[in-house]
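Proteins get letters first, then strands, A, B, ... in listed order; numbering begins at 1 in each. Source: prediction; values computed, not measured.
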Protein chains: 2
Amino acid sequence: MSPNRSVNRLLQYRTCLLKFQDLGFEKVFSYNLGEEAGVTPEQVRKDFSHFNIKGHKKGGYNINELLFTINNIFKSYKVQKIIVVGMGNIGTALTQFINFKNNNLTIVAGFDINPTALKKKFDIPVYPVNEMGNFIKANRIKIAVLAVPGPAAQEICNTLVTAGIKGILNFSPVILKTPNNVSVKNVNLIDELEGLIYSSVLS
Amino acid sequence: MSPNRSVNRLLQYRTCLLKFQDLGFEKVFSYNLGEEAGVTPEQVRKDFSHFNIKGHKKGGYNINELLFTINNIFKSYKVQKIIVVGMGNIGTALTQFINFKNNNLTIVAGFDINPTALKKKFDIPVYPVNEMGNFIKANRIKIAVLAVPGPAAQEICNTLVTAGIKGILNFSPVILKTPNNVSVKNVNLIDELEGLIYSSVLS
DNA sequence: TAGATTGTTAATCGATTAACAATC
DNA sequence: TAGATTGTTAATCGATTAACAATC
């Protein structure tokens, strides 16, 4: 497995490549990508080397080829079914954002303690949390977005893991305990803002 | 300035400490915090050392004291005024989440291209983007959350920077160019999910 | 006191950067 | 060809881990 940092940057390069493609470019050199992504050209080439991505000596990288290769690495050619747990403000917004934006990532269902109490209209089916385990197994869901209040997070996480979830995008302000074949990415909005304030105040 | 990683972990420790406090504990040892946060006890002590945080030899760390010290480092004792640009689903959800959750971080205003067209009721005043610069200057805002569509992001970012913003939490799928006295934290939800799929599929 | 824990210094590890041969 | 760029190997840098003296 390639280092995590490289994986993140590879996704950033993709964002840059899409922009270049949009501008009508056909190829890039490592220093173009580096400049756009805010890293050195050596970093770009080193990252590509990790994934065995080849360019053309002196000729740089063909943007379409490169995007194809990267999308292949991330299996972006096939639809990935995802569920959202916790259909509050954040959960609902994420669902709309992801389903509207992208066609390989699809939120197929939402879960909440008591969906009928929410009195909202959703774009996806929303079921009570106690049906979650069966749904995950029946649909072989591997990825879940967790957007429930802190105190509920660990218990729901356990249910997710038991049902077969392998990756969790966690918006709850809790550090989840999971077996190490389950990966967790934390997005703690308060912490991000605090970190920003920290670096802004001192500099 | 202390290393970025340490800053992030310090914020995580705070989350853990709040949990411990909630459970009625009064003190922790470095291995308690380490276990809870998923790092080694040495890492915890090293991080504290960066910020010159002192415990008690053999006696561990008093939770209240420690929380006070950490909150002090992040200036959490005083209200931080923040604005949100882009009052779509994500922007609106973030506003509600942050204002509801925490009382030192306050979203004081939102901005959108054409607020009246949104036909939504907001909990905060929402103004058109062209009033943004003046508002930032008049209220000495230093932190902004950016949640606008990709193509609009860089231009709005430039306006923010010119008006005096020093930190940007960026939800737009764009790598922003800013002068190096302005810090940017990117939250790219699609990338986070793709990264999760990458690690889940391969392991 | 003896055992346990902190705080720091030294050693290791991994990631980034520099250098350069290969080559188009 | 000469100059420019890739891809990889070596050197550097920084962050994590280990070791241990201080001490309660």
Side-chain angles (χ1 to χ4, degrees), chain A residues 1-13 16-17 20 25-70 73 175 180 183 186 195 198-199, chain B residues 1-13 16-17 20 25-70 73 175 180 183 186 195 198-199:
Chain A
M1 181 103 104
S2 299
N4 225 294
R5 301 302 198 75
S6 291
V7 175
N8 291 162
R9 280 192 301 263
L10 203 59
L11 287 161
Q12 292 200 320
Y13 301 149
C16 300
L17 288 166
F20 284 134
F25 291 112
E26 280 189 2
K27 63 174 189 175
V28 279
F29 299 118
S30 57
Y31 56 84
N32 299 130
L33 255 183
E35 199 189 359
E36 185 65 23
V39 301
T40 63
E42 293 82 6
Q43 182 71 271
V44 173
R45 300 203 299 275
K46 188 76 175 177
D47 285 333
F48 284 177
S49 170
H50 278 130
F51 293 95
N52 202 34
I53 295 174
K54 303 285 180 188
H56 307 280
K57 288 261 155 119
K58 201 184 162 209
Y61 304 83
N62 177 287
I63 293 179
N64 289 334
E65 272 178 29
L66 194 47
L67 277 169
F68 183 81
T69 310
I70 293 176
I73 289 168
I175 292 143
N180 46 15
S183 30
N186 294 302
Y198 176 80
S199 39
Chain B
M1 179 105 105
S2 299
N4 225 295
R5 302 301 199 76
S6 291
V7 176
N8 291 161
R9 279 192 301 263
L10 203 60
L11 287 161
Q12 291 200 321
Y13 300 149
C16 300
L17 288 166
F20 284 134
F25 291 111
E26 281 190 0
K27 64 174 190 173
V28 280
F29 299 118
S30 56
Y31 56 85
N32 300 130
L33 255 184
E35 198 188 359
E36 187 65 22
V39 302
T40 63
E42 293 83 5
Q43 183 71 272
V44 174
R45 299 203 299 275
K46 189 77 178 176
D47 286 333
F48 285 177
S49 171
H50 278 129
F51 293 95
N52 202 32
I53 296 174
K54 303 286 182 189
H56 307 278
K57 289 259 157 126
K58 200 185 162 208
Y61 305 83
N62 178 286
I63 292 178
N64 289 335
E65 272 177 28
L66 195 46
L67 276 169
F68 182 81
T69 309
I70 293 176
I73 290 168
I175 291 142
N180 47 16
S183 29
N186 294 303
Y198 177 79
S199 40

Q. When all nucleic acid strands are considered with a 4.0 Å heavy-atom cut-off, which category describes A/Y61: base, sugar-phosphate, or nothing?
A. sugar-phosphate

Q. Rounded to the nearest Å, what distance is computed from the CG atom of residue A/N4 to the P atom of nucleotide D/dA15?
A. 17 Å

(Q) Quick check: do B/Y198 and A/L10 have side-chain heavy atoms less than 4.5 Å from each other? (A) no

Q: Round to the nearest Å and state the distance from B/R9 atom CZ to D/dT17 atom C1'.
A: 12 Å

Q) Yes or no on side chain to side chain contact (heavy atoms under 4.5 Å, CB included) for A/Y61 and A/H56, after CA distance, side-chain angles and deciding distance? A) CA-CA 6 Å; A/Y61 304 83; A/H56 307 280; 5.9 Å; no

Q.
Counting C-beta onward and ignoring hydrogens, is there a side-chain heavy-atom pair between B/N62 and B/L66 closer than 4.5 Å?
A. no

Q.
Let me check I have this right: for DNA chain C, each base becomes ., (, ), [, ] or |, based on Watson-Crick or G-U pairs with both distances under 3.5 Å. What is the full string?
A. ..||||||||||||||||||||||

Q. What's the shortest heavy-atom distance between A/S6 and A/D47, and which atoms?
A. OG-OD1, 2.9 Å

Q) Would one find a side-chain N or O of B/S49 under 4.0 angstrom from OP1 or OP2 of C/dT8? A) yes

(Q) Minimum heavy-atom separation for B/N186 and A/Q12, please, with both atom names. (A) ND2-NE2, 4.4 Å

Q. Just how far, in rounded Å, is C1' of C/dA15 from NE2 of A/H50?
A. 8 Å

Q: Take atom CG of B/N62 and atom P of C/dT5, then tell me their distance rounded to the nearest Å.
A: 17 Å

Q.
For B/F20 versus B/E36, what's the shortest heavy-atom pair and its separation?
A. CZ-CB, 3.8 Å

Q) What closest approach, in Å, do B/S30 and B/R45 show between heavy atoms, and which atom pair accounts for it? A) OG-NH1, 3.2 Å

Q: Give the rounded distance in Å between these two atoms: CD of A/Q43 and C1' of D/dG14.
A: 14 Å

Q.
Tell me the interatomic distance from B/F48, atom CZ, to C/dT5, atom P, rounded to whole angstroms.
A. 16 Å

Q | Separation of C/dT6 P from B/I53 CD1 (nearest whole Å) | A | 13 Å

Q: Over all heavy atoms of both residues, which pair between A/C16 and A/L33 is shortest? Give the atoms and the distance, please.
A: CB-CD2, 3.8 Å

Q) Is it true that a side-chain atom of B/N52 and a backbone atom of B/S49 form a donor plus acceptor pair closer than 3.5 Å? A) no

Taking N or O atoms only and anything under 3.5 Å, show me the protein contacts with nucleotides 19-24 of chain D, one pair per line.
none

Q. Between B/K54 and C/dT5, does any side-chain N or O lie under 4.0 Å from OP1 or OP2?
A. no

Q. Does atom CD of A/E42 have more than 12 heavy-atom neighbours from other groups under 6.0 Å away?
A. yes

Q. Heavy atoms under 4.0 Å, any strand shown: does B/G55 hit a base, just sugar-phosphate, or nothing?
A. sugar-phosphate

Q.
With heavy-atom distances below 4.5 Å as the criterion, would you say the side chains of A/I73 and A/I53 are in contact?
A. yes

**Q.** DNA chain C contacts among residues 29-36 of chain A, heavy-atom distance under 4.0 Å
**A.** none

Q: Figure out the NZ/P separation between A/K46 and C/dG14, and round it to whole Å.
A: 14 Å

Q) Considering all heavy atoms of both residues, which atom of B/V39 and which atom of B/R9 are nearest to each other, and what is their separation? A) CG1-CD, 4.0 Å

